[in-house]
Number of protein chains: 2
Amino acid sequence: MTEKQENILNAALELFANEGYNATSTNKVAKAAGVSEGLIFRHFGNKEGLLAALLKVGEDRFKSLYADIVMESDPEKIIRKAILLPFQVPESEYTFWKLQFKLKWEMEVDGKEKTEPLLRVLKYAFEKLGYAEPEKEASLIVFIHEGMSGAILKGVPIDKQAFQTFLLEKYNV
Amino acid sequence: MTEKQENILNAALELFANEGYNATSTNKVAKAAGVSEGLIFRHFGNKEGLLAALLKVGEDRFKSLYADIVMESDPEKIIRKAILLPFQVPESEYTFWKLQFKLKWEMEVDGKEKTEPLLRVLKYAFEKLGYAEPEKEASLIVFIHEGMSGAILKGVPIDKQAFQTFLLEKYNV
DNA sequence: CATAGAAGTAAGTAATTACTTACAAATTTA
DNA sequence: TAAATTTGTAAGTAATTACTTACTTCTATG
């Protein structure tokens, strides 16, 4: 991974996440990266390849985000960790997650299968704790995640610390 | 509003909502509407004007959606109606709402001020009912709305009837 | 019915798009 | 150090883009 290659990826991430994939030309990316346009195609084949390279990095980020919680066995801790999840994303990664959310709507990158392991472990946790509707409780957590994270990433001002406490108390965890 | 004008609006709605605004050329809209491309510009000025015309229709739809709940004074009924809100959107309007969600991410159409009246009335209701954190409870409802509606509009299969009951019981309304 | 204005079209336009090609410089390998 | 490969660029390309122009057809009204 050369320096210019990283410049391209950084510029593309910034532009795709803020202006959108379709609204960002390869020309714009090249200029922002301080690189000739041809180099993008040399390294990534085509515009989609550039996006794919960006999303590849994301896979690991998803896994490391879910890893800790999926391996947990104590149901209360599972729910606690699940609730804490969106609050633990460092602000330095917001651009990346904004891209994730944007693509979910701009392209048909569903992300449905990405939340699937989280849903499964949450369902298990709610089951163990005797909730009447464990599957729906699990979905509800994910919906809250999506709604709240979407708002945060779009810049709606939220007292994250206070909201985190609010949710933890709601679920007694 | 002539017939061809409506054809343009219908075609644009369908294409913008499913393929995205930036990914849809005026040429594509014209062909889908069975109309010359020039007619789009005669009637709507430019591509943005076409989008604006589409969103104008939406304002009324927002208002009629919120009207019933904002005028309610009984706190329990407010919460009940707020929860029912997303479930009452007829499937025939899904394309329109998909466009709303898509634009929120594709352009910087925030929609923050659109949920503001709902937030206010919900905060009032939770206050009256003695909830400790009425403002956060209100936000939570909106987050659930956004997360759930997003999933539904993206085609994730959900038993809407069952989930509606689940939420109503959770809030005892 | 005459005529003005609105509705509609076909065939353009310049600019931008994603992508290529031909070639040079840097770096690795033998 | 010579050869091969990789990294990089400048200047293209054809296709597509949003939008215009010049013109014709419809439709309402005095």
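Proteins get letters first, then strands, A, B, ... in listed order; numbering begins at 1 in each.
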Nearest-nucleotide comparison on DNA chain C, the residue closer to the 5′ end among A:Ala23 and A:Gly38
A:Ala23
Keeping A:Lys81 on the side-chain end and A:Glu76 on the backbone end, is there a donor-acceptor pair under 3.5 Å?
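Checked: no pair found.
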Polar side-chain atom of A:Thr115 near backbone of A:Leu118 as donor-acceptor pair, under 3.5 Å:
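Looks like no, no N/O pair under 3.5 Å.
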Looking at [Y] and [X], is there a salt bridge between them, counting it only when a charged N and a carboxylate O are closer than 4.0 Å?
X: A:Lys102; Y: B:Glu106; result: no
X: B:Glu91; Y: B:Lys160; result: yes
X: A:Glu133; Y: B:Lys170; result: no

side-chain hydrogen bond (donor to acceptor under 3.5 Å, both in side chains) pairs, two or more places apart, involving residues 138-149 of chain A:
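Counting only pairs at least two positions apart or across chains, the side-chain hydrogen bond (donor to acceptor under 3.5 Å, both in side chains) contacts touching residues 138-149 of chain A are A:Lys104-A:Glu146.
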For DNA chain C, which residues in residues 45-58 of chain A have a heavy atom at a distance below 4.0 Å?
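Nucleic-acid contacts, sorted: A:Asn46, A:Lys47.
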Hey, can you pull the residues of residues 3-15 of chain B with a non-hydrogen atom under 4.0 angstrom from DNA chain C?
B:Lys4
Gap between atoms [atom1] and [atom2], on [X] and [N] respectively (whole Å):
X: A:Ile40; N: C:dT17; atom1: CD1; atom2: C1'; result: 13 Å
X: B:Arg42; N: C:dA7; atom1: CZ; atom2: P; result: 8 Å
X: B:Phe44; N: C:dG8; atom1: CZ; atom2: C1'; result: 14 Å
X: A:Asn27; N: C:dT20; atom1: CG; atom2: C1'; result: 15 Å
X: A:Asn22; N: D:dT16; atom1: CG; atom2: P; result: 16 Å
X: B:Leu39; N: D:dT24; atom1: CG; atom2: P; result: 18 Å

Tell me whether the guanidinium CZ or amine NZ of B:Lys136 lies under 6.0 angstrom from the six-membered ring centre of B:Phe126 and within 45° of its axis.
no
Ring-face cation of A:Arg61 near A:Phe96 (centre distance under 6.0 Å, axis angle within 45°):
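Geometry flag: set, cation within 6.0 Å and 45°.
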Nearest of [options] to any side-chain atom of [X]?
X: B:His43; options: C:dT9, D:dG8, C:dA7; answer: C:dA7
X: B:Phe41; options: C:dT20, C:dT9, D:dT20; answer: D:dT20
X: A:Thr2; options: D:dA18, C:dA18, D:dG8; answer: D:dG8

A:Ile78 CD1 to A:Ile141 CD1 distance, which is reported to the nearest 0.5 Å:
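Between A:Ile78 CD1 and A:Ile141 CD1, I get 11.5 Å after rounding to 0.5 Å.
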Ignoring backbone atoms, establish whether A:Ser25 has a side-chain N or O less than 4.0 Å from OP1 or OP2 of C:dT16.
no
Give B:Thr26 one of three labels, base, sugar-phosphate or nothing, depending on what nucleic acid heavy atoms sit under 4.0 Å from its own.
base
